Structures are given as structure tokens and as C-alpha cells.
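Note that the structure is predicted; figures quoted are calculated from it, not measured. Lettering follows sequence order; numbering is per chain, from 1.
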There are 2 protein chains.
Amino acid sequence: MSTAEKTEGEDLPWGEVTPDAARRLLIAAVEAFAERGYHATTTRDIAGRAGMSPAALYIHYKTKEELLHRISRIGHDKALRVLRTAANGPGSAAERLADAVRSFVRWHADHHTTARVVQYELDALGEEHRTEIIALRRQSDATVRDMINEGVRAGEFDVPDVPGTTLAVLSLCIDVARWFNVAGQRTPDEVGALYADLVLRMVGARQRG
Amino acid sequence: MSTAEKTEGEDLPWGEVTPDAARRLLIAAVEAFAERGYHATTTRDIAGRAGMSPAALYIHYKTKEELLHRISRIGHDKALRVLRTAANGPGSAAERLADAVRSFVRWHADHHTTARVVQYELDALGEEHRTEIIALRRQSDATVRDMINEGVRAGEFDVPDVPGTTLAVLSLCIDVARWFNVAGQRTPDEVGALYADLVLRMVGARQRG
DNA sequence: CCTGACGGTGAGCAAGCGCTTAGGACGCCG
DNA sequence: CGGCGTCCTAAGCGCTTGCTCACCGTCAGG
């Protein structure tokens with residue numbers, strides 16, 4: 001068996017979406033949702049961007065909402081994995097928090113079109129799908145909160161309000177998806193570095209890079 | 001002439017919208033837009049919430065987009081005024097910045113339903129209206145940047161990247177409109193105080209309150 | 001060659017959309 | 001009382017929406 005068969009799912013942007021036509025439709029939907037928002041996007045527009053007829057969409061997805069759900073699910077999974085990888089890495093609490101913020105922000109900047117859909121079209125989802133996604137977000141929250149708590153316990157941080165600071169840190173990172181590339185001229189790496197520094201200041205880390 | 005005639009425009013929430021029916025429609029629109037988003041809201045829904053027939057909307061507003069524009073315009077004006085009042089107040093740069101963040105955040109929390117429409121439905125506006133609103137946002141940006149610059153010049157702050165930090169501070173404040181009251185249990189005053197402290201940390205203010 | 005599954009299309013349905021228009025209820029002035 | 005302007009409604013127009021359905025080309029297996 002050729003090695004390309006199983007590995008191709010990981011490196012190209014939406015490789016985990018398996019029928020090729022389904023992937024093209026999903027990518028088209030991400031673009032359209034990010035540009036105009038979920039409700040302002042028509043199924044005809046999505047199918048058109050993917051080079052297909054309007055009816056083709058319903059061969060691969062049951063409803064327009066299912067498309068949004070798939071995008072939201074995969075996007076949140078990836079963002080959470082990025083966060084956790086840095087959080088579980090080596091180094092002091094400050095180093096891990098800076099790393100986590102840096103890569104989380106970089107992800108939101110790099111994939112700002114996906115991130116915008118994932119973070120800002122949440123209540124277009126149906127009841128069940130929305131609660132599923134909210135559970136994923138709580139895991140992101142817990143990941144950041146744990147890092148901050150560890151830093152406080154180790155004496156590295158000075159944080160009077162841990163839940164509030166956690167909320168603010170995540171809010172700051174997530175909002176990158178809204179303004180990125182609308183303002184222009186900053187690379188994802190630069191924003192990541194800036195935000196890592198700002199967050200270290202917010203938690204009162206003693207030494208700064 | 002009775003004194004109530006001119007003063008009533010200032011204290012009640014949308015007092016500047018003068019025909020009474022027009023105000024009721026606008027308030028209904030704010031609620032609906034905040035709950036479901038602009039595109040997912042129907043003119044019938046807005047009129048229904050205001051206790052009127054669908055056609056009544058078009059006596060007071062030419063289009064649904066004009067309603068959004070009026071909301072956006074008034075909301076941005078008010079938020080900018082709140083920011084500037086604190087920025088032009090007395091005290092050191094640190095005190096004024098903290099004050100500005102505190103009141104700006106409090107406004108976004110208090111009027112989170114209005115703020116959500118104002119901050120997150122921007123690209124539902126038409127071309128001309130959108131550029132008009134963006135000009136107002138640039139003034140908010142300039143107000144914050146000036147305060148930070150003054151603090152740096154006075155030796156109160158330590159900020160390596162002033163434009164980037166300005167962006168982050170505003171992003172942090174604005175995003176309050178997204179999560180407030182979805183999370184619950186924090187009062188606008190508490191969030192304002194927390195955020196003022198966090199922002200002082202971000203700019204490296206030497207003394208903290 | 002036939003067969004059947006797969007993946008796609010063209011046409012269109014019922015419902016809902018933003019918005020318009022003809023007309024009615026009401027109060028004010030003569 | 002009539003005439004008029006203001007504010008609102010009932011009805012509906014033209015169009016678009018999410019989605020369906022009857023049908024078709026392609027290709028592997030026998």
C-alpha cells in the first residue's frame with residue numbers, strides 16, 4: 001500500500017474530510033461563512049464556489065447547519081489541540097503559558113477565516129450541536145486556568161482573580177480572529193509574540209523574555 | 001413650556017430617537033439583532049416585538065439596513081463619548097487609562113445587547129454607512145493610543161509596541177460585549193475594575209491601585 | 001453486453017423574505 | 001358637520017431561500 005493513503009489526512013488544510021467533493025464544499029462554506037456570516041450565506045453560493053450545482057450539497061450534508069457543525073467541530077478540536085500541546089510541554093509555568101498563547105494566537109491568525117466561523121457563528125448552531133461545542137470551549141478554559149493556577153502556586157505569577165484573568169486571556173486570543181487582516185501589516189508570528197508578552201504582563205510574571 | 005420637553009432626550013435609553021413609535025421599533029430591533037444577528041432577524045419580528053404590523057416599520061425607516069445604521073451610529077457615538085470623557089479627565093496617564101478602560105468596559109457590559117450589535121454586525125452595513133462607522137472606531141483607537149503614548153513619554157509606562165498594545169486593549173474591551181452575561185455572575189463594575197487592572201499591567205504601569 | 005451503485009444535475013416546490021400600496025381610524029381645524 | 005394630515009394595517013407582490021426529486025453519465029463486476 002502506498003504511504004500517501006493514510007498520511008494525506010494530516011497536512012493539507014481539511015484533509016480529514018474524506019470524500020473529495022465534500023471537502024471542496026466545506027472549504028467553500030468556510031470562505032462564504034467567514035465573509036458574509038452563516039445566515040447571509042446561501043446554499044447556492046456555497047455550491048457555486050465549489051463548482052457544483054445547488055443540489056450537490058445535499059448529497060454530502062443533510063442540512064446547511066450540518067456543514068457549520070462540521071466546521072465548528074473540527075476547528076475547535078484543532079485549536080484545543082494546539083493549546084494543549086503547548087500547555088503540556090516542558091518548562092516553567094510562565095514558559096508554557098507564553099508558548100500556549102503564542103501558538104493559540106498564531107492559529108487564530110493563520111486560520112482567521114476558519115476561526116471567525118468557529119468563534120463567532122456559534123449560536124447559528126442547533127441546540128445539541130451548540131452544547132457539544134460549548135463543552136469543547138470549557139476545556140480550553142480549563143487548560144488556561146490550570147496553567148495560571150500552577151504559576152500562582154509556584155510563586156511565578158501574581159494574579160488576584162484567576163477565573164477573571166483566564167476569561168480575559170482567552171477573550172483576547174479569540175478576538176484576534178475578528179480583526180486580523182482587516183487591520184493588515186502584522187504577521188501571525190508577530191501577533192503571537194506580542195500577545196505572549198502581554199499575557200505574561202497580565203499575570204504578573206516576574207521575569208520577561 | 002414644560003421642562004420635560006427637551007430634557008427627556010438624555011436619560012432614558014434611546015431618548016434621542018424622537019417619534020415614540022420609531023424608538024419602540026429601534027429598541028425592538030436592538031434586541032432582535034443582538035439575539036439572532038442582523039441577517040437572521042426579519043422585519044416582521046422587529047415589528048412584532050414593537051407591537052406593530054410589519055408595514056409600520058417602513059413609515060419610520062426606509063430599509064432594515066437604515067435601522068442597523070441608526071443603532072450603530074448612536075451606539076458608537078455613546079461609547080466614544082464615554083472613552084473620551086475619561087481620557088480628557090484629570091490625573092496621571094495611568095489614572096486616566098484605568099478610568100477609560102473601566103468606564104468603556106462598563107458601558108459594553110451594561111449595554112451588552114446594544115454593544116453586540118454595534119461591534120459585531122458592522123459588515124452588514126452598506127458601503128457608505130460602514131466607512132462612516134469605521135471612522136468613529138479610528139477615533140476610539142486614537143484616544144487610547146494617545147493615552148498610552150503620554151504614559152510612555154511621562155515615564156509611567158513601559159510599552160515596546162504602542163500600536164499593538166492599543167489594538168489589544170481595545171480588542172479586550174470590545175470582546176466583553178460577546179461573552180458578557182453568557183458567562184454570568186460578574187457585575188459590570190467588577191469586570192470594569194478587573195480589566196482596568198489588567199490593562200495597567202499590560203502597559204507596565206509602575207504603581208498599581 | 002447488461003446491471004447497479006455512485007455522484008452528480010435541472011427544474012422546481014413550499015415557505016419566507018424585504019418591501020409596497022390602498023385604504024381605514026383618529027384627532028384637529030374650520 | 002366636512003376636509004385634511006398623521007399613523008397605522010391588511011393584503012400581497014416579486015423574489016429568494018433551504019431543500020427535494022426525477023433523472024443521467026460513468027465505471028466496475030459478471
Side-chain angles (χ1 to χ4, degrees), chain A residues 1 5 14 16-72 117 121 123-130, chain B residues 1-2 5 14 17-72 117 121 123-130:
Chain A
M1 294 119 192
E5 220 160 36
W14 291 95
E16 56 270 76
V17 184
T18 39
D20 182 82
R23 176 170 53 246
R24 267 157 49 218
L25 283 164
L26 189 136
I27 291 171
V30 169
E31 288 173 10
F33 291 163
E35 271 179 32
R36 324 230 249 254
Y38 174 80
H39 288 294
T41 300
T42 70
T43 55
R44 283 171 238 272
D45 182 26
I46 297 170
R49 284 172 192 246
M52 296 173 176
S53 82
L57 198 153
Y58 294 91
I59 296 166
H60 302 282
Y61 302 95
K62 219 157 55 183
T63 64
K64 178 180 154 189
E65 194 262 358
E66 190 195 319
L67 250 174
L68 177 62
H69 171 60
R70 281 267 237 284
I71 294 168
S72 233
V117 178
E121 300 289 352
D123 26 71
L125 287 169
E127 191 66 40
E128 293 181 25
H129 288 161
R130 184 167 56 250
Chain B
M1 295 115 191
S2 84
E5 219 160 38
W14 291 95
V17 184
T18 39
D20 182 82
R23 175 168 56 246
R24 267 157 48 218
L25 283 165
L26 190 136
I27 292 171
V30 169
E31 288 173 10
F33 290 163
E35 271 179 31
R36 323 231 249 256
Y38 175 79
H39 287 296
T41 300
T42 69
T43 55
R44 285 172 237 275
D45 182 27
I46 296 170
R49 284 173 193 246
M52 296 173 175
S53 83
L57 197 153
Y58 294 90
I59 296 166
H60 301 282
Y61 302 95
K62 220 157 52 183
T63 63
K64 178 179 154 190
E65 194 263 358
E66 190 195 319
L67 250 174
L68 177 61
H69 171 59
R70 281 267 238 284
I71 295 168
S72 232
V117 178
E121 300 288 353
D123 25 72
L125 288 169
E127 190 66 38
E128 294 181 25
H129 289 160
R130 185 167 56 249

Quick one: which protein N/O atoms are closer than 3.5 Å to N/O atoms of nucleotides 10-13 of chain D? Pair and distance per line, please.
none

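Screening B:R70, B:E65, B:E66 for a side chain to side chain donor-acceptor pair (under 3.5 Å) involving B:H129 leaves a single residue, B:E65.
Residues A:Y38 and A:L125 have side chains not in contact (no heavy-atom distance under 4.5 Å, counting atoms from C-beta outward). The side-chain heavy atoms of B:H39 and A:R36, taken from C-beta on, include no pair separated by under 4.5 Å.
As a whole-Å value, the separation of B:F33 CZ from C:dG18 P is 9 Å. Per the geometry, OH belonging to B:Y58 stands 4 Å off P belonging to C:dC19, to the nearest Å. Between the NZ atom of B:K64 and the C1' atom of C:dG16 there is a distance of 12 Å, rounded to whole Å. What separates CD1 of A:I59 from P of D:dA22 is a distance of 15 Å, to the nearest Å. Nucleotide D:dG18 holds its P atom 16 Å from the OH atom of A:Y61, rounded to whole Å. The CG-P distance, from A:L57 to D:dG18, rounds to 10 Å in whole Å. Counting to the nearest Å, the P atom of D:dC19 and the CG atom of A:D45 are 15 Å from each other. One atom, NE2 of A:H60, and another, C1' of C:dG8, lie 8 Å apart when rounded to the nearest Å.
As judged by a 4.0 angstrom heavy-atom cut-off over every strand, A:H39 is placed among residues making no nucleic acid contact.
Looking at the side chain of A:T42, the nearest of the listed nucleotides D:dG18, D:dC19, C:dC19 is D:dG18. Relative to the side chain of B:T43, the nucleotides D:dT9, C:dG18, C:dT9 differ in distance, and C:dG18 lies closest.
A pairwise comparison of heavy atoms in B:A34 and B:V117 identifies N-CG2, 3.6 Å as the closest pair.
Checking side-chain atoms of B:K64 against main-chain N and O of B:L57 turns up no donor-acceptor pair under 3.5 Å. In terms of modelled atom types and a separation under 3.5 Å, the side chain of B:Y61 and the main chain of B:L68 share no donor-acceptor contact. In terms of modelled atom types and a separation under 3.5 Å, the side chain of A:R23 and the main chain of A:V17 share a donor-acceptor contact.
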